[in-house]
Protein chains: 2
Amino acid sequence: MGIFSKTCEYAVRAVFFIAQRTADGSRVGIKEIAVNIDSPEHFLAKILQDLSRRGIIQSVKGPNGGFYLDAQSLARPLSDVIEAVDGGGIFRDCGLGLKECSSKNPCPLHHDFLDVRNRLQNMLESITISQFNEDLNLGIVVLKK
Amino acid sequence: MGIFSKTCEYAVRAVFFIAQRTADGSRVGIKEIAVNIDSPEHFLAKILQDLSRRGIIQSVKGPNGGFYLDAQSLARPLSDVIEAVDGGGIFRDCGLGLKECSSKNPCPLHHDFLDVRNRLQNMLESITISQFNEDLNLGIVVLKK
DNA sequence: ACAATAAAAGATATTTATATCTTTTATTGT
DNA sequence: ACAATAAAAGATATAAATATCTTTTATTGT
Ligand code: FES
Ligand code: FES
């Protein structure tokens with residue numbers, strides 16, 4: 001596992017893809033998403049169902065249905081996706097696994113970890129779901145391979 | 001899971017504890033380590049066996065035996081423990097799970113991730129296993145609860 | 001040599017994360 | 001109403017991480 005769970009990696013890649021693909025108001029199906037972000041289709045379906053229930057993404061069933069993002073969702077910080085999938089532990093938990101992280105009774109790495117964690121959090125809170133749409137269109141950044 | 005695997009968290013806490021407890025040349029047994037870092041004894045035993053095989057820590061069997069750290073081990077950077085247990089993926093892998101991380105074909109988060117990752121790596125490479133011995137003695141930092 | 005000690009190694013169990021397949025429900029166009 | 005579509009939900013399956021228990025091996029002091 002990397003810094004995020006595999007589930008969360010798929011979620012973020014999918015959300016970026018949906019943002020790019022539906023900026024024009026259309027919808028995109030699970031199959032197409034899975035192919036384009038290189039994820040197992042049925043597993044991704046579960047993940048997106050969950051994100052949909054939580055209101056992080058939108059979906060409609062039936063013909064011409066699929067997943068999309070409304071204006072509010074497009075503007076969300078990426079940290080909302082991370083929190084929804086992995087929980088906020090990555091922003092709050094002790095890096096050495098102590099039951100609680102605090103400056104009273106800190107672990108040896110507390111000070112340094114706090115810095116790294118805060119940087120990560122600031123980064124993910126300042127990135128929006130839609131901000132890479134153009135770079136994705138231009139192929140400057142990619143979501144697979 | 002946090003930024004490291006549970007296995008790795010136990011490993012780091014154990015290594016810090018062994019460093020502090022054996023700075024005087026003595027050894028410390030698995031039971032005592034497990035109690036003091038609040039980890040499952042037998043599981044930790046496996047982890048330390050592995051670290052011992054890899055030369056990250058030292059051990060002797062029999063009466064008055066136990067785990068300890070030689071001068072070389074005491075001076076190791078903490079990153080060596082992380083690499084031994086979790087592999088170096090945390091320092092190298094794409095944050096979004098792409099098969100390879102590179103500035104050719106970067107994922108959307110590549111630039112920002114690189115920064116966070118490098119900070120983490122620099123931090124772990126500049127911390128030595130023994131550098132918290134005194135703070136641990138003084139109770140300024142802790143390895144459990 | 002012997003008994004005691006403590007880690008190493010082996011075998012197995014449990015839990016969690018990841019993945020797949022099937023059935024159901026909502027929506028759309030005819 | 002009906003047929004087609006696509007997500008939602010449910011039921012399993014597989015793999016990996018975490019955990020426990022038992023047996024073996026090396027070392028020490030007597
Ligand atoms: S106590 Fe460990 S990171 Fe804060
Ligand atoms: S390609 Fe994703 S972090 Fe480098």
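Order of the sequence lines sets the chain letters (A, B, ...), proteins ahead of strands, with each chain counted from 1. The structure presented is a predicted model; accordingly, all values stated were derived computationally and were not measured.
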Practice task
Return yes if the base of dT25(D) and the side-chain atoms of K61(B) contain a donor-acceptor N/O pair under 3.5 Å, otherwise no.
Solution key: yes
Practice task
Report yes if at least one side-chain N or O of S52(B) is closer than 4.0 Å to OP1 or OP2 of dA8(C); otherwise report no.
Solution key: yes
Exercise for the section: Determine whether more than 12 heavy atoms belonging to other residues, nucleotides or ligands lie under 6.0 Å from atom CG of N64(A). Expected result: no
Exercise for the section: Quick one: label L48(A) by what it contacts on the DNA or RNA (base, sugar-phosphate, nothing), any heavy atom closer than 4.0 Å. Expected result: nothing
Practice task
Would you mind classifying the nucleic acid contact of R53(A) as base, sugar-phosphate or nothing, using non-hydrogen atoms under 4.0 angstrom?
Solution key: sugar-phosphate
Exercise for the section: Quickly work out the Y68(B) OH to dT27(D) P distance and round it to whole Å. Expected result: 11 Å
Practice task
Take atom CD of E134(A) as the centre, draw a 6.0 Å sphere, and report whether it contains more than 12 heavy atoms from other residues, nucleotides or ligands.
Solution key: no
Problem - Residue mapping more 5' on DNA chain C - nearest nucleotide basis, V60(B) or H42(A) - result: V60(B)
Handout entry: Integer-rounded Å distance: dA9(D) C1' and I47(A) CD1
Key = 16 Å
Exercise for the section: Please report, rounded to the nearest Å, how far the P atom of dT5(C) is from the CD1 atom of I30(B). Expected result: 18 Å
Exercise for the section: Send over the distance from F43(B) CZ to dA19(D) P, rounded to a whole Å. Expected result: 5 Å
Completion exercise
Atom CG of D50(B) and atom C1' of dA7(C) are separated, to the nearest Å, by 14 Å
Problem - Touch class at under 4.0 angstrom, heavy-atom based, for K46(B) against every strand present - result: base
